[in-house]
Amino acid sequence: MKIKPEKRIYLNAHNTKIARQFQRELWKFFERRCLLKMDKIDLIAGCDVSYRRDKARACVCIYSFKRKKIIEEICIEEKISFPYIPTFLSFREAPPLISAIEKIKSKPELYIFDGQGLAHPLRMGLATHMGCLLEKPTIGFAKSHLYGVFEEPPNIKGAYTFLKTESGEIIGAVLRTRKDTKPVFASIGWGVDVAFVIDIIMELVSRYKIPDILRRADYLTKNRRKNDKGTCS
DNA sequence: GCGACAG
DNA sequence: ATCTTGTCGC
C-alpha cells in the first residue's frame with residue numbers, strides 16, 4: 001500500500017521545531033470514529049523497528065485473525081534519519097515503517113505499532129501519526145508510560161483502567177495482558193475506540209504480555225545479526 | 001528551577 | 001532501542 005504523495009513531506013523533519021509543526025498539521029487527518037468491528041476484522045499488521053549502527057530495520061507481520069495464521073512478513077533496512085527524542089519517536093520510526101508497509105501485498109485492516117497513539121502530549125504518538133499518514137485504523141501498544149493519568153489496574157489478566165488526559169478524556173487503557181507482570185499502555189491510534197483497542201489486544205495475546213504478532217515482528221527485526229542482507233520471509 | 005521522558 | 005552475564009523464579 002502506498003501513502004498519498006503529498007504526505008511524504010511529513011516523513012522527514014530537519015529539526016524538532018519543524019517536527020512539532022508537522023505533528024500539529026497532521027492532526028487534521030485524525031479519524032475519531034471506530035471503523036472496525038470485532039466480528040468482521042481479519043488482516044492485522046504487527047509492526048516494529050530495531051537499530052544497529054546507522055541502520056534501522058523495520059518488519060511487518062500480517063496475521064489473518066479468521067484463519068489464525070501469519071500470511072505475510074516483510075522486512076526492510078535503511079539509514080537512520082532522526083535521533084530518538086521523547087515525543088518525536090515518529091520521525092525516527094515512520095520512514096522505515098512506511099518503506100516496509102509499502103512493500104506488503106496483502107491489505108491489512110488494522111496496524112499495531114510499538115509505541116503510543118493518542119497518549120502523547122500533542123495526541124500524536126507513533127500510532128496516531130502513522131494512522132494520519134496511512135488513513136487506516138491503528139493502535140499504539142507501549143510497554144511503558146509516556147503521557148496520561150491512570151490508576152494501577154488489578155493484578156488479573158484482562159483487568160484494565162482508562163488512560164486519560166488531564167481534562168479527563170479517555171485516550172487509551174492501562175491493560176493487564178498477563179498476571180504478575182507490569183501492565184501495558186494500549187492507546188487509540190486512528191479509526192478505533194478504546195473498547196475495540198482493549199478487545200482486540202486481549203484477543204491477540206496468548207502466553208506472553210505482548211501480542212504474538214508484535215513479538216514476531218520484534219523477532220524478525222533482531223534476527224539478522226550474522227548474515228542476511230536485508231531480506232527475510 | 002525540577003522531574004518525566006514511547007523506542 | 002542498544003550494550004551485556006549471570007541469575008532468580010515459575
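These figures come from a predicted structure and were not determined experimentally. So that the names make sense, note that chain A is the first sequence line, chain B the second, and so on, each numbered from 1.
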Going by atom type alone, with no hydrogens or angles, which donor-acceptor pairs under 3.5 Å involve a side-chain atom of residues 191-198 of chain A and a protein atom two or more places apart or on another chain?
from     : atom 1 : to       : atom 2 : distance (Å)
A:Asp193 : OD1    : A:Ala195 : N      : 3.4
A:Asp193 : OD1    : A:Phe196 : N      : 2.8

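Judged as a salt bridge (Lys or Arg N to Asp or Glu O under 4.0 Å), and not counting sequence neighbours, the contacts of A:Arg33 are A:Glu31. Evaluation of the side-chain contact (heavy atoms from CB on, under 4.5 Å) rule for A:Lys143 yields A:Asp114, A:Ile210 as partners, not counting sequence neighbours. Taking the salt bridge (Lys or Arg N to Asp or Glu O under 4.0 Å) definition, one finds that A:Arg24 meets it with nothing, sequence neighbours left out. In this view, A:Asp42 and A:Ser64, A:Phe65, A:Lys66, A:Glu109 satisfy the side-chain contact (heavy atoms from CB on, under 4.5 Å) rule, not counting sequence neighbours. The salt bridge (Lys or Arg N to Asp or Glu O under 4.0 Å) search around A:Lys7 returns A:Glu135, not counting sequence neighbours. Under the ring-ring contact (aromatic ring centres under 6.0 Å, His included) criterion, A:Phe185 pairs with A:His145, A:Phe150, sequence neighbours left out.
Atom C1' of nucleotide C:dA1 and atom OH of A:Tyr84 are separated by 9 Å, given to the nearest angstrom. Atom CD1 of A:Ile85 is separated from atom P of C:dA1 by 18 Å (rounded to the nearest Å). Rounded to whole Å, atom P of C:dA1 lies 16 Å from atom CG of A:Asn223.
Reading DNA chain B from its 5' end, the first and the last nucleotide to sit under 4.0 Å from a heavy atom of chain A are B:dC5 to B:dG7.
Residue A:His145 is in sugar-phosphate contact alone, with no base atom involved, counting any heavy-atom pair closer than 4.0 Å across all strands shown. Counting non-hydrogen atoms under 4.0 angstrom, A:Phe82 reaches nothing in the nucleic acid.
Residue pairs meeting the ring pair (Phe, Tyr, Trp, His ring centres under 6.0 Å) criterion with at least one member in residues 116-143 of chain A, sequence neighbours excluded: A:Phe91-A:His129.
Relative to the ring axis of A:Tyr208, A:Arg215 places its NZ or CZ within 45° and under 6.0 Å from the centre. In this structure, A:Arg92 forms a cation-pi arrangement with A:Tyr51, its terminal cationic atom sitting closer than 6.0 Å to the ring centre and no more than 45° off the ring axis.
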Represent DNA chain B in dot-bracket notation, 5' to 3'. Only Watson-Crick or G-U wobble pairs with both distances under 3.5 Å count; pseudoknot-style crossings use [ ] and interstrand partners use |.
.......
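The closest side-chain donor-acceptor pair between A:Tyr147 and A:Glu166 falls under 3.5 angstrom.
Ring orientation note: the planes of A:Phe82 and A:Phe88 are tilted relative to one another, at an angle of 30° to 60°.
Here A:Arg52 does not reach the OP1 or OP2 of C:dA1: none of its side-chain N or O atoms lies under 4.0 Å away.
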For a quick check, with a 4.0 angstrom heavy-atom cut-off, what is the B/S/- contact string for nucleotides 4-10 of chain C, read 5' to 3'?
-------
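Annotated stems with DNA chain C as a participant are lacking; only runs of 3 or more Watson-Crick or G-U pairs under 3.5 Å would qualify.
Hydrophobic clustering places A:Ile9 together with A:Ile3 (ILVMFWY residues linked when any side-chain heavy atoms are closer than 4.5 Å, directly or through intermediates).
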